[in-house]
Student: 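Sharing a structure here in structure tokens format.
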Amino acid sequence: MLKKLGLVMALTGAWGQAQAAGPDASQLKAPKTDTEMTKEVKEVMRSVDEVKRLPVTGLSLVKAGDKTFLITDNGHFVVAGNFKLVDMWQGKLIGSVADTKGIDKVDLRKIGLNPDELSTFMIGSGKKEVVIFIDPQCPYCHNLIGQLEPLGKEYVFKLVLIPVLGKESAEISKKLMCNKDKAQSLQALVAKDYSKLPALERKEGACDLKPLQKAVVATKLLDIQGVPYIFLPSKNTYKGGAQSFKTLLEKDLEDEINGR
């Protein structure tokens with residue numbers, strides 16, 4: 001993640017240098033006043049053609065005639081003019097609404113997140129990977145977990161613990177991660193019965209909680225605001241529970257085949 005942050009900073013610096021090396025002062029037009037800019041934006045926004053909600057909190061890409069804007073959900077702020085929108089996760093420049101195709105897909109490893117380095121428990125041995133962020137007390141999560149075993153020959157399910165439901169969830173997550181008997185921890189997670197897990201050792205260094213800490217950081221990076229949160233084999237994401245996980249996976253395979 002730090003490596004990718006350095007790349008972003010380098011790109012930002014390069015863009016700033018390019019701007020500084022632009023036309024000299026004699027070639028530049030007089031800057032427009034705030035009132036002129038606001039009026040121009042309002043005029044163009046009256047003829048909106050396309051809107052694409054970006055996979056970030058509160059921001060959309062808007063096409064109006066031959067103009068493109070970024071606008072906040074409440075319409076308070078608009079980014080206008082010759083801006084550059086770069087999708088660092090997909091590695092491409094977004095210049096139009098058409099360029100946003102596939103923008104909702106997330107390849108965790110491509111953005112520097114390896115599920116195996118997080119607070120992860122695994123069910124199944126198939127070749128297709130499904131990553132599910134869960135809380136140990138979440139009923140919708142456990143409804144999904146109960147459906148996984150019959151699908152385990154075709155899929156490998158990686159359950160990433162994130163304690164989002166309070167202090168008790170945090171304690172349970174620590175017990176699951178710190179237990180040396182990982183098979184017992186997985187069994188407890190599947191059964192949602194944590195009563196037989198060993199008590200936590202409180203002395204410093206007794207347990208490595210870095211994988212759990214990394215998982216919590218990952219939820220911020222991925223803007224995960226609720227569980228279950230699923231990363232499907234097609235790189236599409238799905239939020240919430242599913243009455244039939246098998247049906248959801250079948251639809252995902254269909255979407256992947258059809259390029260959706």
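Just the heavy atoms: all of them, side chains too, but no hydrogens, waters or symmetry mates, feed the values below. Start at 1 with the first residue, then count along the sequence. Remember, it's a predicted structure, so these values are computed and weren't measured experimentally.
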Student: For the residue pair L222 and Y229, what are the closest heavy atoms and their distance?
Tutor: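 Looking at all heavy atoms of both residues, the closest pair is O-OH, 4.3 Å.
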Student: Using modelled atom types only, decide if a donor and an acceptor are shared between the side chain of T72 and the backbone of F77 within a distance under 3.5 Å.
Tutor: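 Yes; at least one donor-acceptor contact below 3.5 Å.
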Student: Between K128 (side chain) and V130 (backbone), is there a donor-acceptor pair under 3.5 Å?
Tutor: no
Student: Can you check whether V164's main-chain N or O pairs, donor with acceptor, with D135's side chain at less than 3.5 Å?
Tutor: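 It does hold such a pair.
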Student: Does a side-chain heavy-atom distance below 4.5 Å link L151 with L249?
Tutor: yes
Student: Quick check: are there more than 12 heavy atoms from other residues, nucleotides or ligands sitting under 6.0 Å from NZ of K92?
Tutor: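 Yes, enclosed.
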Student: Verify the neighbour count for atom NZ of K239: are there more than 12 heavy atoms of other residues, nucleotides or ligands below 6.0 Å?
Tutor: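 Not buried by this count: 12 neighbours or fewer within 6.0 Å.
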Student: Measure from the ring center of Y238 to the ring center of F231 and say whether it is less than 6.0 Å.
Tutor: no
Student: Under 3.5 Å, side chain of N258 to main-chain N/O of D255, donor-acceptor pair present?
Tutor: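 No; judged by distance alone, with no hydrogens or angles, the pair does not exist.
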Student: More than 12 foreign heavy atoms under 6.0 Å from CD of E149: is that the case here?
Tutor: no
Student: Can you tell me if H142 uses its side chain to pair, donor with acceptor, with the backbone of A191 under 3.5 Å?
Tutor: no
Student: Salt bridge or not between R260 and E254? Use side-chain N to carboxylate O under 4.0 Å.
Tutor: yes
Student: Hey, does K174 have a side-chain heavy atom less than 4.5 Å from the side chain of L209?
Tutor: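 A side-chain contact under 4.5 Å exists here.
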Student: Is a side-chain donor or acceptor of S185 paired with a backbone partner of L176 at a separation under 3.5 angstrom?
Tutor: yes
Student: Kindly indicate whether the side chain of V156, heavy atoms from C-beta on, has any atom under 4.5 Å from the side chain of K158.
Tutor: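 Yes, close enough: below the 4.5 Å cut-off.
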Student: Could you walk me through whether S60 and L70 pass side chain to side chain contact (heavy atoms under 4.5 Å, CB included), step by step?
Tutor: CA-CA 6 Å; S60 295; L70 293 175; over 6 Å; no
Student: When you compare the side chain of V86 with that of M88, does any pair of heavy atoms fall below 4.5 Å?
Tutor: yes
Student: Restricting to non-hydrogen atoms, name the atom on P228 and the atom on Y140 that form the minimum distance, rounded to 0.1 Å.
Tutor: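 Heavy atoms of P228 and Y140 come nearest at CD-CB, 3.8 Å.
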Student: Quick check: do D87 and I103 have side-chain heavy atoms less than 4.5 Å from each other?
Tutor: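 Yes, side chains in contact.
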Student: Side chains of I172 and Q137: does their closest heavy-atom pair fall under 4.5 Å?
Tutor: yes
Student: Less than 4.5 Å apart, side chain to side chain, heavy atoms only: is that true for P211 and M177?
Tutor: yes
Student: Can you list the steps and then say if L144 with I134 is a side chain to side chain contact (heavy atoms under 4.5 Å, CB included)?
Tutor: CA-CA 10 Å; L144 289 181; I134 63 168; over 6 Å; no
Student: Is the count of non-hydrogen atoms from other residues, nucleotides or ligands lying under 6.0 Å from K105 atom NZ greater than 12?
Tutor: yes
Student: Do F245 and N143 pass the side chain to side chain contact (heavy atoms under 4.5 Å, CB included) test, and can you show the C-alpha distance, the side-chain angles, and the key distance before you say yes or no?
Tutor: CA-CA 9 Å; F245 203 14; N143 178 271; over 6 Å; no
Student: Would a distance-only check, ignoring hydrogens and angles, find a side-chain to backbone donor-acceptor pair under 3.5 Å from T120 to P115?
Tutor: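 Looks like yes, one N/O pair under 3.5 Å.
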Student: Working note: I132 + V227, criterion side chain to side chain contact (heavy atoms under 4.5 Å, CB included); need CA distance, chi angles, decisive distance, verdict.
Tutor: CA-CA 8 Å; I132 312 173; V227 289; over 6 Å; no
Student: Looking at K101, is its backbone amide N or carbonyl O close enough to the side chain of D99 to form a donor-acceptor pair, meaning the two atoms are under 3.5 Å apart?
Tutor: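 Judged by distance alone, no pair lies under 3.5 Å.
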Student: Run the salt-bridge test on R109 and E129 with the 4.0 Å N-O cut-off and return the result as yes or no.
Tutor: yes
Student: Taking the basic N atoms (NZ, or NE/NH1/NH2) and the acidic carboxylate oxygens, is any pair closer than 4.0 Å for K246 and E250?
Tutor: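 Answer for the salt bridge query: yes.
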Student: Do any N or O atoms from the side chain of K182 and from the backbone of N179 form a donor-acceptor pair under 3.5 angstrom?
Tutor: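 Checking the backbone N and O of N179 against the side chain of K182, a donor-acceptor pair under 3.5 Å is found.
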Student: Under 3.5 Å, is there a donor-acceptor pair between the side chain of Y194 and the main chain of S173?
Tutor: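 Not confirmed, Y194 side chain does not pair with S173 backbone.
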